[in-house]
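Some notes on the structure that comes next.
Quick note on labels: first sequence line is chain A, next is B, and so on, each numbered from 1.
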Amino acid sequence: MAERPEDLNLPNAVITRIIKEALPDGVNISKEARSAISRAASVFVLYATSCANNFAMKGKRKTLNASDVLSAMEELEFQRFVTPLKEALEAYRREQKGKKEASEQKKKDKDKKTDSEEQG
Amino acid sequence: MAAVAPGSGASREEEGTGGDAATPQPPAPTSAPGACLSRLPLARVKALVKADPDVTLAGQEAIFILARAVELFVETIAKDAYCCAQQGKRKTLQRRDLDNAIEAADEFAFLEGQQR
């Protein structure tokens with residue numbers, strides 16, 4: 001069953017929430033408009049991906065990375081997104097690092113516990 | 001435990017554009033630790049990225065940044081469309097407000113012709 005890229009819509013509930021939070025209280029959005037924004041968001045992903053992939057290929061890489069996406073934003077005239085995206089990336093990296101350290105710590109503790117149980 | 005977003009009654013979009021059948025979407029649980037950074041499910045974004053035949057692999061950071069960029073995009077286009085609605089003294093965003101917002105901004109040019 002072939003799914004066209006345009007059919008891969010993002011969850012409506014999340015799209016609706018983002019829209020509502022962007023707008024003042026009391027403002028509504030018609031179903032048609034919301035659906036159109038959802039489709040536009042999917043198209044945006046595809047468009048940005050394609051552009052980011054060009055940067056990756058220029059760099060002779062096969063894996064898309066964050067800087068490819070940031071370069072794509074600038075290329076597509078979405079420079080205003082670059083700063084908030086960089087901040088989000090920093091926060092994400094910190095969180096990932098924290099998670100990794102936490103799980104490593106957990107593993108160490110678990111090993112310690114297993115050792116002491118065996119001894120006891 | 002945060003509740004799963006209710007999708008009943010709101011997930012069916014009978015848009016009728018080009019007669020395409022809308023694929024029923026299960027409500028995606030969005031509550032997860034670190035959800036404050038990105039509300040969109042990364043798996044869905046990744047699926048869209050992989051739909052591009054030229055893309056081989058995409059790093060997790062790239063997917064995350066894209067998801068965040070989409071959020072910013074949705075916010076931006078919603079606000080632009082709202083300006084159009086305000087001019088029409090309406091409090092409900094209509095499809096035509098969106099079309100106007102797309103036409104008005106150069107960076108949204110890639111969307112023109114997509115909505116029909």
Side-chain angles (χ1 to χ4, degrees), chain A residues 3 5-19 21-24 26-50 52-53 57 62-66 68-70 73 76-78 80-81 84-85 88-89 91-93 95, chain B residues 5-7 10-11 13 15 20 22-23 25 27-28 30 34 37-41 44-45 47-49 51-52 54-62 64-66 68-79 81-82 85 91-95 97-99 102 106-108 110-111 114-115:
Chain A
E3 265 192 23
E6 302 89 75
D7 292 338
L8 287 167
N9 275 340
L10 300 159
N12 285 323
V14 180
I15 298 283
T16 306
R17 199 181 326 148
I18 299 174
I19 295 172
E21 289 184 9
L23 300 174
V27 176
N28 290 315
I29 177 157
S30 75
K31 216 165 153 187
E32 273 191 340
R34 189 186 64 205
S35 170
I37 291 183
S38 183
R39 288 179 84 86
S42 301
V43 173
F44 174 79
V45 174
L46 297 171
Y47 189 51
T49 298
S50 179
N53 200 40
M57 292 199 292
K62 285 195 172 173
T63 308
L64 275 187
N65 63 23
D68 295 328
V69 179
L70 287 171
M73 290 300 117
L76 301 175
E77 298 184 51
F78 286 108
R80 58 179 130 165
F81 289 176
L85 286 179
L89 181 61
Y92 178 76
R93 283 174 174 165
E95 196 197 338
Chain B
S11 55
E13 298 294 341
E15 190 60 37
D20 294 332
T23 352
Q25 299 150 31
T30 50
L37 287 181
S38 171
R39 282 168 287 200
L40 291 165
R44 283 284 193 104
V45 178
L48 273 164
V49 169
D52 187 325
D54 295 329
V55 172
T56 319
L57 286 170
Q60 210 172 359
E61 283 186 353
F64 168 75
I65 289 251
L66 260 179
R68 194 72 192 94
V70 174
E71 286 184 33
L72 292 172
F73 168 79
V74 171
E75 283 175 19
T76 306
I77 206 169
K79 285 180 182 161
Y82 177 57
K91 279 204 155 181
T92 301
L93 285 189
Q94 304 284 354
R95 172 68 184 269
D97 298 319
L98 200 63
D99 291 340
I102 288 172
D106 283 340
E107 59 262 31
F108 294 146
F110 69 93
L111 290 168
Q114 291 284 347
Q115 306 294 343

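Across every non-hydrogen atom of A/S30 and B/R95, the tightest pair is OG-N, 4.1 Å. When all heavy atoms are compared, the tightest approach of A/R34 to A/T16 is CD-OG1, 2.7 Å.
For A/L23, the part lying near chain B is the side chain, with the backbone staying farther off; criterion is any non-hydrogen pair under 4.5 Å. Heavy-atom distances place both the backbone and the side chain of A/F44 under 4.5 Å from chain B. Using a 4.5 Å cut-off between heavy atoms, B/L72 touches chain A through backbone and side chain atoms alike. For A/N53, the part lying near chain B is the side chain, with the backbone staying farther off; criterion is any non-hydrogen pair under 4.5 Å. With a 4.5 Å cut-off on non-hydrogen atoms, A/V69 touches chain B through its side chain but not through its backbone. Contacts of A/F78 with chain B are made by side-chain atoms alone, with heavy-atom separations under 4.5 Å and no backbone atom involved.
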For this session: Starting from the C-alpha separation in whole Å, work towards a yes-or-no answer on side chain to side chain contact (heavy atoms under 4.5 Å, CB included) for B/L66 and B/L40.
Result: CA-CA 10 Å; B/L66 260 179; B/L40 291 165; over 6 Å; no
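With sequence neighbours left out, B/E107 forms a side chain to side chain donor-acceptor pair (under 3.5 Å) with A/R80. Every residue two or more places apart in sequence or in another chain was checked for a ring pair (Phe, Tyr, Trp, His ring centres under 6.0 Å) with B/Y82, and none qualifies.
For the pair A/I37 and B/V74, the minimum side-chain heavy-atom distance is below 4.5 Å.
Between chain A and the options B/V45, B/V55, B/D106, heavy-atom pairs under 4.5 Å are most frequent for B/V55.
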